[in-house]
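Note that this is a predicted model, so its numbers are computed, not measured. Letters A, B, ... are given to chains in the order of the sequence lines, protein chains preceding strands, and every chain is numbered from 1.
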Number of protein chains: 4
Amino acid sequence: MRRDTLREIIASLSSAGTSVFRFGAGRRRLSLEALCRQLLDLRGEASVTVVADRLLAAYAELDDDGRARFFATLRDGFGPDLAAVDAAIARYRAAPSPESVQALQQAAESPRQEIFRLLNTAPGGTAALIAMRADLMRLGADAPALAPVERDLGHLLRSWFNRGFLTLERIDWQTPALILEKLIAYESVHEIQGWDDLRRRLADDRRCYAFFHPALPDEPLIFVEVALVQGLAASIQEVLDAPPPAPGAAVAADTAIFYPINTCQPGLHGITFGDFLIKQVADSLARDVPGLGRFSTLSPLPGFRRWLLAELSAPASEIALAPAERERLLREPDDWLPDAPDAQTYAALLLHLGAVYLLRAKRGSEPLDAVARFHLRNGARLERINWLGDRSARGLRESFGLLVNYVYDSRTVAHNHEAYVNAGHIACSAAVRGLLTKRPQRRAGARARPGAER
Amino acid sequence: MRRDTLREIIASLSSAGTSVFRFGAGRRRLSLEALCRQLLDLRGEASVTVVADRLLAAYAELDDDGRARFFATLRDGFGPDLAAVDAAIARYRAAPSPESVQALQQAAESPRQEIFRLLNTAPGGTAALIAMRADLMRLGADAPALAPVERDLGHLLRSWFNRGFLTLERIDWQTPALILEKLIAYESVHEIQGWDDLRRRLADDRRCYAFFHPALPDEPLIFVEVALVQGLAASIQEVLDAPPPAPGAAVAADTAIFYPINTCQPGLHGITFGDFLIKQVADSLARDVPGLGRFSTLSPLPGFRRWLLAELSAPASEIALAPAERERLLREPDDWLPDAPDAQTYAALLLHLGAVYLLRAKRGSEPLDAVARFHLRNGARLERINWLGDRSARGLRESFGLLVNYVYDSRTVAHNHEAYVNAGHIACSAAVRGLLTKRPQRRAGARARPGAER
Amino acid sequence: MRRDTLREIIASLSSAGTSVFRFGAGRRRLSLEALCRQLLDLRGEASVTVVADRLLAAYAELDDDGRARFFATLRDGFGPDLAAVDAAIARYRAAPSPESVQALQQAAESPRQEIFRLLNTAPGGTAALIAMRADLMRLGADAPALAPVERDLGHLLRSWFNRGFLTLERIDWQTPALILEKLIAYESVHEIQGWDDLRRRLADDRRCYAFFHPALPDEPLIFVEVALVQGLAASIQEVLDAPPPAPGAAVAADTAIFYPINTCQPGLHGITFGDFLIKQVADSLARDVPGLGRFSTLSPLPGFRRWLLAELSAPASEIALAPAERERLLREPDDWLPDAPDAQTYAALLLHLGAVYLLRAKRGSEPLDAVARFHLRNGARLERINWLGDRSARGLRESFGLLVNYVYDSRTVAHNHEAYVNAGHIACSAAVRGLLTKRPQRRAGARARPGAER
Amino acid sequence: MRRDTLREIIASLSSAGTSVFRFGAGRRRLSLEALCRQLLDLRGEASVTVVADRLLAAYAELDDDGRARFFATLRDGFGPDLAAVDAAIARYRAAPSPESVQALQQAAESPRQEIFRLLNTAPGGTAALIAMRADLMRLGADAPALAPVERDLGHLLRSWFNRGFLTLERIDWQTPALILEKLIAYESVHEIQGWDDLRRRLADDRRCYAFFHPALPDEPLIFVEVALVQGLAASIQEVLDAPPPAPGAAVAADTAIFYPINTCQPGLHGITFGDFLIKQVADSLARDVPGLGRFSTLSPLPGFRRWLLAELSAPASEIALAPAERERLLREPDDWLPDAPDAQTYAALLLHLGAVYLLRAKRGSEPLDAVARFHLRNGARLERINWLGDRSARGLRESFGLLVNYVYDSRTVAHNHEAYVNAGHIACSAAVRGLLTKRPQRRAGARARPGAER
């Protein structure tokens, strides 16, 4: 079946002369506001596409000031008709009913929502709207009055990027370079060092999956990298630096390590796909790789050091440390190297503090750590804290090199999720819980006691 | 790139035991209402998919009474929180602002909208929601109180079936049988008489195009059939019964005849794609078939006879007929055969009445005839009325066999559209306009005066 | 990746004016013989494509006489240079060596082989050559002198249609209609009665697989239809007339019945794919349909009645029948209906004779029956002869309604194959072997004794 | 349509236990010779695939000595039956006829050809045979006795890689990385400096096309890179180092420069696709890029310096140089830098010598230069010699930095080709021909006289 995408055809429509039919209001230059009005007027017509295309082209040429003015126009000039809102309120007050409250809701809907819907008909419209929302969020940081516009657009994007419309695709060395280079650009947790590194991350003992939306076939929305390994990996460098298997060699793995999840579209911020991604990928892997019995992350504690230093300086901290320990932690440089003669003692201290951070430091009833919130809410178990799990400059700077395994266990994930959501209960291995008790440790790390892991 | 659609994976998720992770609230049977509440509770979780699947399965087993009860539950139990609405009204009244009116709009949004969005995550969710809206419209004919539910669902579908997400695809003999059999099922204007007839309609001198949505790859939403012919075709039977060209023979055509547009999804009623379809297809054809210079429809006047008989019986009709003419028209049987000795006189009479119907009979400021409204609004010109253009039983019964050519002329389509929308002006050939004057005709039909055609 | 097939581009090349480069020897009309010489002259040039295209077009316009003349030209005018052959013989005689025998072989190769290779570069060349070989075989029936030409072309096609280049594809309701209609045309064993019948044969409890060659993507080379059933099916009408399963209903089958294998390209006669097809399909099914434990055919005995009538008329037949039995079999009409009061006795007689035919009637050391030779050579076991397994007119006319199950048993297929090929041993169930003994039977058919089946 | 390639299925067949049917002669280890015999015995059987797979696996483990021994076995043990050859000679002598010479040809065909055909049925068989021929050519350099084996395999590959089976595909940034990395590996004329360089070569003002064979979908056979530029490019560094156009910027080009053609498969050496490639690509470009009016190469003279130095040292050279010139050319270092104060004089000298090389230095009746032979035979015109067209180390070392434009002109390409093939006439611009006359030049290079170019 031949396929002329709408977009290809519209591309020809919108350049005068190549289309059979010439649309719309001539070629004269209109203000963005006038184009918005024209869009709403044309609503049901085919020519809406051409006007939408023209509006997006004009928007693309604006600088930040111009964009902020355009957003202010959308906010002030394309809000609901307040007289109609008042009338709908009156009718609702007179007779509250499903009909009258719905009528009120419709009266209160902003015409700018319709403008966004119409802009989507332009070639590249969806991508342009996502970029527009990214602009709104960036500019909105300094101009909170733009928030209603951002919320309207976000509402629409959330509806369109409904998970029912997404496809999960495996990314490998057969994937077009156009998409692969985006992985290199978007991977922000453990940066991809060029094409050779990427190729290694897509070798036979690795997996990469991404969600795509049909309107953006070349743009991954979110992706996860997975390493297939023997045993529960404890160090990200071990994973990243492991040599690839020989071509054609069988991959004998019992554990899938999800090592980073990256979102790719700032304009889709707040529209979550990640919870879904991990479980779907686990399912896909379980069917693909016989012998795979364990699914775990290797996750950062991005706020650990910041929290710790704040605690150490706080007048009333719960953390009880010897003054020397306290001094040392405060003094430790960013690129701190854990080669001191007392490394083991120091490791024990940091593992203890890591456990305190994950289990005791709270934001409301949930852990302070965003990554922990994400996985625990998903039903994972806090399995192990790894001493020097991340030796990168960033890992040392942000979390003294600690890294965490969250395990997704099919037998307990539903129960963990319920207990966490309903009662704030954190599923946690005995080993990690044991770290809460500060005491002399004979050996470095929970890792050394495999018996306690499961 | 391998592609595991979300839907395939979810299909495995939702059958217990095949998934790595078992989700949600056990296996016990819940009421539809309880499942709706569970959906809203789980909102952000992966398990929402499984609950959505379960709800849709339960819905599928309901009879019409059960479905009506479910819709009533959605209306009464999943409307907005009225206390919150009242509070939002109060805040809005106190300080009308973009923020407060948006907050009001959000407070007035029904949670059932969110339920629909969550149902879409189930495998086959989009198709199930379209079917649900078809149910709502069917049952709503007798139960107008269901209208708010139907409107909420319709609002969502209109947003999802935004034209920016649709693809235009050519349908030919290379198309999967699965899709082709749907054309046979959905063609309601000029029924397709089985596979041989379909094959002829997809031969080298024919074209068929349809809009598809990515979530429904096997379901055409709307399609149009086109015949590539020499000269402006005047009879649908001539088009349908013309022998196919020899394989490989060149197609020398100067005119594209759009002979029916069919919509396929009752559940998408009111979400219009047709205006867009004709112009895109014309564009695609112009690039594909060199030498093509004219784009015309061959369209029915579905309400002509009904209108005429009503006029004849009305006390104060504008139509002035001789009593014998009047009597005869009223008496004419459904399967009326135009073989009378005075056929030419009769033809002249009916062509005159057809012109009156199309140009004078109004609904508001627009023509009474829905097909005329559609094409005139699109910028087409009423070019010719064809005597015995449709000799089928239906054609005779509904419109005394008349058929109309609406011509899409690239030089005038924009102007016609504007004049129609702004001033109600109908673009019309001199030949058709001439038919308004009732007078003796020497020969049958506008068709006989080719000089007047252009 | 965009793909311009060679063929599309050549299509434009060969129509003067649309190509950037105009090739070859002008536009004047040349004889086929002259075109052949031109082909050989141009050999390494791009323009060979255009000449090949012209030659094939000229060939297509010839009637049978013209084609026969063209083949005679290929035989007489494009054979090897005999002087060169004689010289190569002399060199070989003087010094037999790998080099000199290879040089002899090359000297004896006909230039017409190279002509065929060059014709393949035309658009549609491969299909045209297959059609040409079909012509050669058809015309060769009356003109055996064309055999060397046919063998040269056959040699080339056998090389090109090497099994390593074929793909096995499943055909279902998602397959393009263009391919499906070919199944209807090519199925000659159990004719497909139009699209409804085809659809039933592609339902969830059926399978259809075909081999394709990359140069003929729309042309199945050979296909097999499979029914997934419970138990060993005994009647083709039961299989063909069984209602399809409800949509979405699970298919619980323990047996795959291969009911016909059809070849599609007469021009590829003698190039065998069938042995490979059954085993590959069985493998594909075993992975696809859990629970499938038995693979069997339901096969005709196409020569049974012909053989039997010849035996009955032969002076010295091994078949000992009572005169009344003999008379009756000779008298039985083509559309014989097995409803006589002595049906059971008669059934026993025919089952006995069927067993004799399959196990005793020989062509050389192999069974006379071509279908039996095919499956036994493949390693299948002659499992059961079914009384009234095929009640169709053809089944009754050709084999008194008998039908055979050949079972492919993974544990014995290799052993059966070896024993058959090396010692002429026929793998056979005890039940069938028992039928060789002619005796009064209590119940009709081997089918009635399931205990003996395995 | 789902597609199980033969190869996937065979992959499962050949690993014992995963297949429904176990094939062939058990699992014991056989010699390569025994496997060859088994292949020929099994010929028509499905199990041939498994034996072929086993033979290729055993071959892959051999070192060069082992491979040479295997090839000797194929030569000595799998040649034709000489008694049968003698008998066929006798029959042919007795009665020369199309039949008897064909029978002789068949008797003289080596069984090793059939072995190669059967090996092709293994998964990856085609690629393995191409690699085997590469081995044969490599080892054959020292062991000419292997030539008959190499010729048999080459004969087969030439038949299989018939141009009618190849597809021309555009390669761009949407192409899978798996294929792109092969471009980097195979480009040997102007090496690709990693992924960034590759990306630039695939930007909007560049094109890359390759031929593929269906059995090797991930392996380009030959590819050509094209630059779309304004005017006839004179320097490869200008082309390679030009900045890419801004994304979305229109490409306004009047000239397509084919800057290298690279073959990718050493095992297909001698099977030519290149002549075809240029013309097809030109045709594809002409349809794609309106405004493109000139097609030219930018080609090396790889043997220029070697030839020149040999001439200078030869006792009887036609080249008449002043002793100082001669001395200097002989002394010039490999990495010679053309920055001398007399650069212009020197340039004139080298351009003169380049013209002599291209137009006068012969191998038989054709130019000594292989690149010149290729393009002139294709009908191109020797348009311009460019002083310092290639400043790379290799360009300086091999050809003193000269580079040539061969122009493909649609109006003359057929005539040029005929004149070259029939009369050895070289199509050549007046400018280049003028360089034959050695004389003082005012300005450097033919390039400086644009008027003479066309």
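- When the salt bridge (charged side-chain N to carboxylate O under 4.0 Å, His left out) test is applied to D:R117, the partners found at least two apart in sequence or on another chain are D:E109, D:E114.
- Each of D:Q113, D:R158, D:R151, D:H213 has some count of heavy-atom pairs under 4.5 Å with chain C, and the biggest count is that of D:R151.
- The residue among D:A147, D:A108, D:P148 with the most heavy atom pairs within less than 4.5 Å of chain C is D:P148.
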- Query: Step by step, would you call C:F165 with D:W160 a side chain to side chain contact (heavy atoms under 4.5 Å, CB included)?
  - Reply: CA-CA 10 Å; C:F165 297 133; D:W160 285 344; 3.6 Å; yes
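- For D:E99, the salt bridge (charged side-chain N to carboxylate O under 4.0 Å, His left out) test picks out no residue, with sequence neighbours left out.
- Take C:R377 and apply the salt bridge (charged side-chain N to carboxylate O under 4.0 Å, His left out) test, not counting sequence neighbours, and it matches C:E366, D:E45.
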- Evaluate the side chain to side chain contact (heavy atoms under 4.5 Å, CB included) criterion for residues C:T126 and D:N162: first the C-alpha distance (whole Å), next the side-chain angles of each, then the deciding distance (0.1 Å), finally the verdict. CA-CA 11 Å; C:T126 311; D:N162 188 293; over 6 Å; no
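- Each of C:V421, C:V85, C:L285 has some count of heavy-atom pairs under 4.5 Å with chain D, and the biggest count is that of C:V85.
- Counting heavy-atom pairs under 4.5 Å between each of C:G379, C:P214, C:S159 and chain D puts C:S159 at the top.
- No option in C:L118, C:V48, C:N120 other than C:V48 meets the side chain to side chain contact (heavy atoms under 4.5 Å, CB included) test with D:R163.
- Within the 4.5 angstrom heavy-atom criterion, no atom of C:L119 approaches chain D.
- Heavy-atom proximity under 4.5 angstrom to chain D picks out C:R75, C:D76, C:P80 from residues 71-80 of chain C.
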- Query: Where do D:Q106 and C:H155 land on the side chain to side chain contact (heavy atoms under 4.5 Å, CB included) test, with the steps shown first?
  - Reply: CA-CA 10 Å; D:Q106 283 166 5; C:H155 183 78; 5.7 Å; no
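- When each of C:D86, C:V101, C:T412 is checked for heavy-atom pairs under 4.5 Å with chain D, C:V101 comes out on top.
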- Item | Pair C:T121-D:F276, side chain to side chain contact (heavy atoms under 4.5 Å, CB included): steps then yes or no | CA-CA 11 Å; C:T121 64; D:F276 214 42; 5.6 Å; no
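- Rounded to the nearest 0.5 angstrom, D:K279 NZ and C:T49 OG1 are separated by 10.0 Å.
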